[in-house]
Participant: 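Structure provided below as structure tokens; questions to follow.
Residue numbers start from 1 in every chain, and the chains themselves are labelled A, B, ... in the order their sequence lines are given, proteins ahead of strands. All heavy atoms count here, side chains included; hydrogens, waters and symmetry mates do not. On a predicted model such as this, the values are computed, not experimentally measured, just so you know.
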Protein chains: 2
Amino acid sequence: MTNMAGFRSLAVALALGAGLALADEGMWTFDNPPLNQLKERYGFTPGTEWLDHVRLSSVRFNDGGSGSFVSPRGLVLTNHHVALGQLQKVSSPAKDYAKDGFHARSASEELRCPDLELNVLVSMEDVTAKVLDSVKKGMSEPEALRARKATAAKIEKESLDRSGLRSDVVALYQGGEYWLYRYKEYTDIRLVFAPEQEIAFFGGDPDNFTYPRHDLDFALFRVYENGQPVESRHHLKWNARGAADGELVFVSGHPGSTERLDTLAQLEAQRDHYLPVALAVLKRRLAVLRGYAAAGPEQARQAANQIFSFENSLKALEGEYEGLKDRALMAKKAKEEAEFRRLVAARPELERECGTAWDSIAAAEKKHVAAMKRERYRNLRGSRMAALAVTLVQYVAEVKKPDGERLDGFHESELDSLRFQLFSPAPVYPGLEERLLTDSLTEAVEQLDPDDPFIKAVLGVRSVADTVREAIQKTKLGDAAFRKSLVEGGPAAAAGSSDPLIALARKTDPFVREMRKWVEDNVESVERSAGEKIGRARFVAYGKSAYPDATFTLRLAYGTVKGYPMNGTQAPPRTTFYGLYDRAHSFNLKPPYHLPARYTERVGRLDLSTPLDFVSTCDIIGGNSGSPVINRNGELVGLIFDGNIESLVGNYVFESEKNRAVAVHSAAIIEALRKLYDAAPLADELAGAASVSDTGPR
Amino acid sequence: MTNMAGFRSLAVALALGAGLALADEGMWTFDNPPLNQLKERYGFTPGTEWLDHVRLSSVRFNDGGSGSFVSPRGLVLTNHHVALGQLQKVSSPAKDYAKDGFHARSASEELRCPDLELNVLVSMEDVTAKVLDSVKKGMSEPEALRARKATAAKIEKESLDRSGLRSDVVALYQGGEYWLYRYKEYTDIRLVFAPEQEIAFFGGDPDNFTYPRHDLDFALFRVYENGQPVESRHHLKWNARGAADGELVFVSGHPGSTERLDTLAQLEAQRDHYLPVALAVLKRRLAVLRGYAAAGPEQARQAANQIFSFENSLKALEGEYEGLKDRALMAKKAKEEAEFRRLVAARPELERECGTAWDSIAAAEKKHVAAMKRERYRNLRGSRMAALAVTLVQYVAEVKKPDGERLDGFHESELDSLRFQLFSPAPVYPGLEERLLTDSLTEAVEQLDPDDPFIKAVLGVRSVADTVREAIQKTKLGDAAFRKSLVEGGPAAAAGSSDPLIALARKTDPFVREMRKWVEDNVESVERSAGEKIGRARFVAYGKSAYPDATFTLRLAYGTVKGYPMNGTQAPPRTTFYGLYDRAHSFNLKPPYHLPARYTERVGRLDLSTPLDFVSTCDIIGGNSGSPVINRNGELVGLIFDGNIESLVGNYVFESEKNRAVAVHSAAIIEALRKLYDAAPLADELAGAASVSDTGPR
């Protein structure tokens, strides 16, 4: 395989066409910000200093979200729903911070989170040539995949040894580029403030992923090192005036994944196979969770975070599914792909290189779909402890191998974070775990052949219920010290353990490994190879005017504050506190439209015209939750917490007319902290001592 | 043609199927209220007294709306937008009541409306047999149509002579039934109160036909007779608590027209021909009106009512058009029709009677479409004075004929109302008239053949601009006395008049008559005959479990107060004053989201949680504007003013999941009158002396 320099030279020669971002579209890597678009449309050119400052102020929440430093003393702003997992983990039956909120009135009251890791992207380095050069002529596709992975692991390990920083090699543009991202890791994170869930998630699941919206979905953490708050030189200055209508704004955060560059065959497989199954599984798990929660308030507390998370996923996937079922969308995708393929076919050197790539992917998808049940159901799913057990069994085996030969997830550069999770002291809820594991194994029995070897190996002659009951009730994996002892004992300890959940994991492990290898050899290697070819052809055709699909790495989106056509009329660019009270009273204060007591008791203190939430055309997706919205001065004007219902199709295509990112307004947080929460010191730390009336919301 | 008794006996034998109202659907005539549905679903059986009271409290606004008596002293409640035409007619360049509102603080300040006629439906009588019996075996379809019309005119005239009441024979179920409706007419109507248009029509055209909504779209008139307010024994008691979620409510009003029983061929003609042309015409007229209004504030004032009206029509028709373009809707219609036709085909006596009716209608539609341009453009349109001129020319000729032979619109029973309109002293705006008539004649020139006889007759060798300028600038028709003199002078006066607009009308009249006759002979007679047959077959198949299409006659709808799925979440059952202020501030108070000064100055006086607007599942359509929403006690709980965007397709089909009627809440009117308008006496007259806090909105 040749490297891509030869292709690059053609880039300027070709006309721009499909694949080019024409709207305020794109989740751009910080090495390739959309400078031309910003200059042409907004007369703005962010310099290196601006970009570095924004990047180094941005924080990744490794359990799946984004955030930013907002004070020089390590204060980090994110969403309540990003904080929800930790809020639950620091709660107890006696004190439910997830539901009732939390407020540390002094440093000593700040609560350390059991397993929250934050990352800051310190540097980026293009390692495309190194990774691609490791693939030699004549290698089979599985061999090529292994060569790429081994090289990536080597690059990561060398970087870790040299820098001491978490080092990830990231594939962008479906493998068209590889980059080494180095992260500063923080693991001493303390909870500072969270409002009540009623107000953070006002409107609940019905209003989730919709707009107009009235949520105060924020939380504050403080980052510590060596027992002291870090000095966060790079942090965003708070601008409580917010952004005006039509003003240019940016979002810096970590979109999780998109499939905009997927081929039609991949989209069709999603639509016809993966998504319907995923939706069905989510629905049955939700039924189990709700059944558990109905048993009592403590059960409800234990299940709350997962219920939120599953409902959230369900609504998002339903939106994506509707998108793929939309004929117009698929027709657009088909047209784009056909045009791209015609363009490739017209140039012999491109056609030779990647003319068959689309068909290869289609063939791989077909095989993958045929193996879908085995891949999905030959595993222990649903239960956190069961997942820990499988990971432990694999961990002790993998870490003994050379880095380049390990399973993904066990490379040297990943181990710090992995151990942090493995040894988390967060509470486990056996009753809940038992229900979920029972459901997932029951589903496996239903979906697999009666004599499937996985079922036979895991259950033998016993029932699902008996198997799971024993494993969950008798396991000691709820104790972090026991997990540590197993890891320290190495493969012998794991192999010899009589812990029934470990025993179940040992039986499961071979099936997981077999399936992983099958997928690598038959799907991943083929699609990576074909994806690389298509990715490079795209550079030739369109240059780097396109952005890569999201990969939970730091991206910069841009756009303007702007309403949109909705429901026969227009959605406003922002909502106000008036709207919060309207929606509450318009539903007679019935859940999920009830208000925390302080909101009714102190309504008279509020300037109800203060902006609460707002929308912008910035291109975001799940994972961006908690991202700062930034103006051209690099100041924080808002806090991303959602997309509108029209944004859900954004997994596949950005539709600029209606796709909107929904954010909490910077003024709302200050107004609430000062007037409802008696949290003036915190408001001062965020916004400085200036009162809201000085900085007047507009 | 036989009468329908023979068919009726089959009704019970057939299973219920398509065409049956399964949801809270239907605009029911007061002779056939949906008693079974009300009893089964709500355990409620309105008695004769209840029905009579509601009917006699209901008022038709003959210029196109509904209303109700709401005090024993003749006070009538309707919408601001129903009152808009009169508000403009009593305004002047110095005082714009349409925009700024009006408040008569005493009887002497109440303003008499120049040409507002209100009707109350006093009695109903089934005259189906009489009308149908007039059609004799062997008559051609045009002969049959003329026979029916002559008989109807005779029935009307006899009723008028006997009762002194306006008497209309109304065709229901596409001619399946004929009813004689007798109305008490009121013509001394005085304006009592109207709020500012900014608040009545808050959100303007963008928010029109949408929900959630925040409009205080009401106005109050008082009905006089013999110089005194009428004693309105039948009036609705005001209930300021409104209706609870899920509560049964009724709407009594005058839906203008629906096409739910139309055949597929008729719907396709609408979709492919009539609606596209109607939309194009509305758009060009709106452009003319906006151009005129842009010239200055007085021009804007003159054009305001028509701009509102045209925008309103445009949005409604666009919604209907979208509905007809929706494949699912048309597929549903096609399925219903196919099922009904199968059912007919399965019974020889039905098949013989009406098996060919659908094809007859389809053939007539085809001819009608081919003649569409002649029908539409061989006329003087757009200008009120030009329309008056044509009517005057026709009037003097028609009233000399026997009643049964006159053109529709000139029958004896209609003349009182017609003369009231003809002699209206309302101001005319020649500049505006000239623009509109110029545009419509220019369009005629564009659309008709260059040598079309109408164009030749009307323009001769002159330009449109010259012709219209002379006609409008030199006509004396702006003067009501001149119109009266022409009518009193009879055909000779009209024929001899040198008034240039009358001259233009004389040239136009033969084309209008010719086209009317052509449509009667080729379309109306065929469709009436076929419609009758289908209508009777429907009775046979489904009994009177269906309701007739709307005909701007009094109907009763029922339903419950209920939100609906919208925008990925749910629309609430009601909005509040909080929501008004939210929407205003969320658009930075920019028009059409600005507020009258009193609303910002007096915001502190309001209980902002007071309900403002609400939705119910009641089945309404244009013409229902101003209808009371009534609870089972016969009390007024709201005031219909709109449907949501999902209701626009209601012209063709009622989709109960999302079709909602939008009403002003009874509490909002009282709250505003007392706290914003210093109109306590009026509030007292409406609601009694009880304060809002006594009757507490919920």
Side-chain angles (χ1 to χ4, degrees), chain A residues 203-214 244-245 315 318-319 322 327 563 565-590 592-593 600 603-604 607-615 642-648 658 697-698, chain B residues 203-214 244-245 315 318-319 322 327 563 565-590 592-593 600 603-604 607-615 642-648 658 697-698:
Chain A
D205 186 54
D207 283 9
N208 197 17
F209 290 116
T210 73
Y211 181 82
R213 195 71 164 282
H214 314 88
D245 295 4
K315 200 163 180 181
E318 278 174 340
E322 289 306 312
R327 288 183 205 184
M566 191 200 79
N567 180 37
T569 178
Q570 44 197 335
R574 75 189 64 74
T575 63
T576 69
F577 277 91
Y578 275 124
L580 169 68
Y581 288 91
D582 173 60
R583 199 149 172 87
H585 285 283
S586 71
F587 282 104
N588 275 335
L589 299 165
K590 282 185 205 143
Y593 300 103
T600 40
V603 58
D607 175 354
L608 292 170
S609 69
T610 305
L612 179 49
D613 296 338
F614 70 100
V615 279
D642 210 356
N644 61 354
I645 197 81
E646 295 88 345
S647 77
L648 292 176
K658 294 190 171 182
R698 48 176 138 188
Chain B
D205 186 56
D207 282 10
N208 197 16
F209 290 115
T210 74
Y211 181 82
R213 197 69 165 283
H214 313 88
D245 294 4
K315 200 162 179 182
E318 277 174 342
E322 288 307 313
R327 289 183 204 185
M566 190 200 80
N567 180 36
T569 179
Q570 43 196 338
R574 75 190 61 74
T575 62
T576 69
F577 277 92
Y578 276 125
L580 170 67
Y581 288 93
D582 173 60
R583 199 148 172 89
H585 285 282
S586 71
F587 282 104
N588 274 335
L589 300 164
K590 282 184 204 145
Y593 300 103
T600 40
V603 57
D607 174 355
L608 292 170
S609 70
T610 305
L612 178 49
D613 295 339
F614 70 101
V615 280
D642 209 356
N644 62 354
I645 197 83
E646 295 88 345
S647 76
L648 291 177
K658 295 190 170 183
R698 45 179 143 186

Participant: With a 4.5 angstrom heavy-atom cut-off, could you sort out which part of A:Glu646 is near chain B: side chain, backbone, both or neither?
Facilitator: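 A:Glu646 touches chain B through side-chain heavy atoms alone.
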
Participant: Which distance, rounded to the nearest 0.5 Å, do you find between the CZ of A:Arg583 and the OG1 of B:Thr576?
Facilitator: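 So the CZ of A:Arg583 and the OG1 of B:Thr576 are separated by 11.5 Å.
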
Participant: Parallel, tilted or perpendicular, judged at 30° and 60°: which one describes the rings of A:Tyr578 and B:Tyr578?
Facilitator: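 Aromatic pair A:Tyr578/B:Tyr578 classed tilted.
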
Participant: Specify the closest pair of heavy atoms between A:Tyr593 and B:Gln570, including all atoms of both residues, with the distance to one decimal.
Facilitator: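 In this case the closest contact between A:Tyr593 and B:Gln570 is OH-NE2, 3.5 Å.
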
Participant: With a 4.5 angstrom heavy-atom cut-off, is it the side chain or the backbone of A:Ala584 that approaches chain B, or both, or neither?
Facilitator: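 Neither the backbone nor the side chain of A:Ala584 comes within 4.5 Å of chain B.
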
Participant: Indicate yes or no: does B:Lys590 engage A:Asp245 in a salt bridge with an N to O separation below 4.0 Å.
Facilitator: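 Yes, charged N to carboxylate O under 4.0 Å.
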
Participant: Using a 3.5 Å distance criterion without hydrogens, assess whether the side chain of B:Ser586 forms a donor-acceptor pair with backbone atoms of A:Thr575.
Facilitator: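 No; judged by distance alone, with no hydrogens or angles, the pair does not exist.
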
Participant: Which bit of A:Leu608 comes within less than 4.5 Å of chain B, counting heavy atoms only: side chain, backbone, both or neither?
Facilitator: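 Side chain only.
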
Participant: Rounded to the nearest 0.5 Å, how far does CG of A:Asp582 lie from CG of B:Leu580?
Facilitator: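 So the gap between those two atoms works out to 9.0 Å.
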
Participant: For A:Phe209, which atoms come within 4.5 Å of any heavy atom of chain B: side chain, backbone, both, or neither?
Facilitator: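 No part of A:Phe209 comes within 4.5 Å of chain B.
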
Participant: Using a 4.5 angstrom heavy-atom cutoff, name the option from B:Thr569, B:Leu612, B:Ile645 with the most pairs to chain A.
Facilitator: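 Max contact count across the listed options: B:Thr569.
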
Participant: Which atom pair, heavy atoms only, marks the closest approach of A:Asn567 to B:Thr210?
Facilitator: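 That would be O-CG2, 3.4 Å.
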
Participant: Can you tell me which portion of A:Tyr211 sits under 4.5 Å from chain B's heavy atoms? Options are side chain, backbone, both or neither.
Facilitator: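 Backbone only.
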
Participant: Quick one: does B:His585's side chain get under 4.5 Å of A:Thr610's, heavy atoms only?
Facilitator: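 No - every pair of side-chain heavy atoms lies 4.5 Å or more apart.
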
